Amino acid sequence: MRFAVDTGGTFTDLIVEDNDGGLHMFKAATTPDDPIRGVLDALTVAASGFGLGLRALLGQGEMFIYGTTHPINAIITGNTARTAFLTTLGHPDILVLREGGRAEPFNFTVPFPEPYIPRALTWEVPERLLSDGSVRRELDEAAVLDIISEMKDRKVEAVGVCLLWAMINPVHERRIGELLDQHMPGVPWSLSHSLNPTLREYRRASSVCIDASLKPMMAAYMARLNQQLKDAGFAGRSLVVTSQAGVIDATEAAKKPIHLLNSGPSMAPVSGRYFSLIDEQTDTAIIADTGGTTYDVSLVRRGRIPWTRETWIGQPYRGHMTGFASVDVKSVGAGGGSIAWVDDGGMLHVGPQSAGSVPGPVCYGHGGTVPTVTDASIALGYLDPLFFLGGSMKLHADLARAAIAQHIAQPLNLSIEEAAVAILAIATENMVQAIMDITVNQGIDPRSAVLVGGGGAAGLNSVLIARRLESPRLLIPEVGAALSAAGAMMSELTSQFHATLFTRSNTFEYERVNAVLAQLEAQCRAFIDGPGAGSFEQTIQLWAEARYPEQVWELEVPLPATRFESTQDVLALMQAFHATHQEMFAINDPGSDIEVVGWSATVACRIRTREGGSLVKRGDEALPQGVQQQVRQAYFPGHGFVDTAIRRFEAMQVGELLAGPAIVESSFTSVVINPGATAERRPSGSLSIDPGRN
C-alpha cells in the first residue's frame, strides 16, 4: 500500500494505492498552523474509508510520498533561519546587484528589492581563485576564524558560502566547511560548489543562501513528519516531491531543501501527461490545476515537461532567484477560495487574496464574510450543499447569496445571479491569461492542445476556459481533484548533477568534455546503486548548456550520444541546438558555431511497477440521504435557471455521452457541462469534453 499527499492552501489531498493497484482518493482541510496535522487528518479520513484504524492502515504502507508548500511559505512569511553569507573579498554585493534586470526599467518609483541576506550578515573572505581554478590568493584561515567568532556573536543559525570560481576549484569552500564544522558545530551550512556548481555568481549565491536558510526548519520539519508517521504506525519509506517533477528521500530533502520550493505544483504535469496520452492520444497538453488558493498552469510538449531556469520566489526581478531549473509552472491567485471584491472605482476583481481553509468561503459557515468563487458557484446551483466532500461537509447557500448580495450585487446594481456569473467570468479570464502567457511564450497554440483540468475546483469553469482558448478538447481525469497527488504516485526517484566546462564547437576539447561526462555518469550510477537500489528501471540523460557565441543565456540540449568521439558527434550536438533554438525562439543560425558553458545529467529510477491506475468505485449506497437527485436548477448566462441533469461521476458508463446543461458530481468535484458542451466517459474514468460554443 502506498500513500501520496499534496498539501494545498485549502485542502490536503491524499491518494492511496491499495495492494491490487486500485486508487482511493481522500481530502481533509489543510491546517496552516501545522501542515503535518492536516496530513494525519487526511490519513485518518482514509483509514475510516477503509474501515480501519489509522495504525492498521499505516501499518500496511510501504511508501509515503509528500508534496509540500512548507519551504516556500516559510520564505514568503520570513520564517527562515538567521543566515550568514560568506563570499570572496571585494564582492559583498552579489545579492544586491543581482543581474541588473528590472521588471519596469523606467519606473523609478519602485524600490530596488532587498537582498535575501542583508549586508549586516554578509562577510568577505580573503581568498581568490581564477577562472582556470588556479589559486591567486590562498585562503586566510585566521580571517575565517575571526568571521566565525563574529557570526557566533550575531547568533547566526545557518551559513551560505559562495566563493568566486569555486565550481572550478572547490578547495577554499571545502576548507571553510571544515572550519565551520569545527568551530560552529550544529550550525548547518551550504557550499555553492556542491549545491549548484554552475556559472553566474548571483544564481549560485542566491541558491546557496536560500538553501542554508531553510535547513534548520526543514530538518526539524522532516524529522517531525517521519516521527509522527512512525508513531502513528508507518514503517515504510518516506519520499518528498521536488521542484523537478521527481521524488527524493525525505532525509536527503532535509539536506538540500531548496529542491522542495515548487514541490506541489510540479506533480500535476506528470499525471496530466499520462491522462492526455491514454485518453486523447496526444503528447501535447495544457495542464491547469485549480486549487482553493491558486491556479497552476503547466505544459507538456511532445511528451516532455518543460523546465525553466528563470525560477523566482515572488515577482521576477523583485523577488529572489532560486538558481535552479524547475518545472515551468505559472501560478495566479485564482482558485475556489479566491475572494471577489469591488474597488473604489466600481471595478470587480477576483483574487489574488484567498479565503484559504481558514475561515474558508462564506458557504463553509466557518466565519468567512466575503464572497469567493466557491460561493458564486453554489449561488448558481453548480454545487450541491448536501454533497460537498461526499456529504461530510454541509454548505450554506443562503450565507453565500447574502455575501454576494452585500459585497458585489448591490455595489454593482446587479442581481445575485448576475453578480455570481461576473465573479466566475473574471476568474475565468484570469485563468485564461495565465494559460496564454505560458503557452504563447513557449510557441504553443492553445487551439491545438488538449486542456487537462485538475484540482477540486477545476470543473466549475473549465468548459468556459476551454471555449475562450478554443481548445479542441477538455479532459477531467477521475483523479483530477487530487491531480498533484496522483502525479506524485506516478513519479520517479530523480536527481541532477552539474559541472562547468567551457568549450566551443570549432575548438572542441574532446578529452576534457568526455572526462566531465564520465564523472557525471558515475554520479548517476552511484545514485542508482544508492537511493535507487531496487528500482525497476533506470534512465540517465546527459545535457549540454549551449548558446551561440556572444549570447548571454544558454539553452539546455539533450546530448545525442554519451561521449564525443568524432566531429560527427559535435555536429549532431550543433544540429540539436539549432533545432532547440528554432523551437524556442522561431529563429536559428545553422551556419554559426556554438559554445557550451556547462554539462549536466539527470537520473530517474522507476520505483512503481504500475504507470497509472483507476479509482476504486464506491457505489451509491453510501451516499447521504437526499443527494441522489437526477435534476437540479442551475443558472447559465443567456438561459437563466434551467433544469440541469445531475450524474454521478463513477456511475457514467464508458463511452456514454452526456449533453449540457449537466453537472457530473463526485465526492470531490463537480464538473459543469455548460449548454452546448458534450461529455464522454473514457475507459480510464476520465471525462472527455467537447466544450462547444456559447
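Values in this document were obtained by computation on a predicted structure and should not be read as measured data.
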Q | With Arg204 via salt bridge (Lys or Arg N to Asp or Glu O under 4.0 Å) - residues at least two apart | A |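 With neighbours one apart ignored, the set is Glu201.
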When rounded to the nearest 0.5 angstrom, what is the spacing between [atom1] in [X] and [atom2] in [Y]?
X	Y	atom1	atom2	value
Ile607	Leu493	CD1	CG	5.5 Å
Ile528	Cys605	CD1	SG	5.0 Å
Cys209	Tyr116	SG	OH	8.5 Å
Phe275	Arg682	CZ	CZ	13.5 Å
Ser298	Ile438	OG	CD1	6.5 Å
Leu260	Ser243	CG	OG	6.5 Å

For [X], what residues pass the side-chain contact (heavy atoms from CB on, under 4.5 Å) criterion, not counting sequence neighbours?
X	result
Ala268	Ile287, Asp289, Leu483, Ser484
Ala42	Thr12, Leu14, Ala28
Ala482	Asp13, Ile15, Met25, Ala485
Asp529	none

Do you see a donor-acceptor pair shorter than 3.5 Å between the side chains of [X] and [Y]?
X	Y	result
Asp375	Thr372	yes
Thr198	Asn196	yes
Asn262	Ser266	no
Ser684	Asp279	yes

Identify all side-chain donor-acceptor contacts of residues 51-66 below 3.5 Å with residues at least two apart in sequence or on another chain.
unit_1 : atom_1 : unit_2 : atom_2 : d
Arg55  : NH2    : Asp231 : O      : 2.3
Glu62  : OE2    : Arg2   : NE     : 3.2
Glu62  : OE2    : Arg2   : NH2    : 3.1
Tyr66  : OH     : Tyr221 : OH     : 2.6

Is it true that, when you exclude [X] itself, more than 12 heavy atoms of the residues, nucleotides or ligands shown sit nearer than 6.0 Å to its [atom1]?
X	atom1	answer
Arg82	CZ	yes
Arg304	CZ	no
Met436	CE	no
Phe50	CZ	yes

For [X], what residues pass the ring-ring contact (aromatic ring centres under 6.0 Å, His included) criterion, not counting sequence neighbours?
X	answer
Phe527	none
Tyr295	none
Phe649	none

Q: Determine which pairs satisfy salt bridge (Lys or Arg N to Asp or Glu O under 4.0 Å) with at least one residue from residues 250-270, sequence neighbours left out, and list them in order.
A: Glu252-Lys255
Does the side chain of [X] reach to within under 4.5 Å of the side chain of [Y], using non-hydrogen atoms?
X	Y	answer
Leu464	Val672	no
Arg237	Pro531	yes
Val479	Met489	no
Asp18	His24	yes

Q. Can we say Arg203 and Glu310 salt-bridge, meaning some charged N sits less than 4.0 Å from an Asp/Glu carboxylate O?
A.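 Yes, this pair counts.
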Q. Does the pair Asp328/Arg301 count as a salt bridge with the N-to-O cut at 4.0 Å?
A.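 Looking at Asp328 and Arg301, the cut-off is not met.
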Q) Please walk me through it: do Gln228 and Val39 pass side-chain contact (heavy atoms from CB on, under 4.5 Å)? A) CA-CA 10 Å; Gln228 291 195 17; Val39 172; over 6 Å; no
Q | Test item: Gln281 side-chain N/O and Ile278 main-chain N/O as donor-acceptor pair under 3.5 Å | A | yes
Q: Show the numbers, then the answer: is there a side-chain contact (heavy atoms from CB on, under 4.5 Å) between Arg681 and Glu478?
A: CA-CA 10 Å; Arg681 186 73 183 273; Glu478 192 173 11; 3.4 Å; yes
Q: Give me the ring orientation class for Tyr364 and His366: parallel if the planes are under 30° apart, tilted from 30 to 60°, perpendicular past 60°.
A: perpendicular
Q: Quick one: list whatever passes side chain to side chain donor-acceptor pair (under 3.5 Å) with Asp437, sequence neighbours left out.
A: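 For Asp437, no residue satisfies side chain to side chain donor-acceptor pair (under 3.5 Å) once neighbours in sequence are set aside.
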(Q) Run the side chain to side chain donor-acceptor pair (under 3.5 Å) test against Glu556 and tell me which residues pass, sequence neighbours left out. (A) Arg309, Ser600
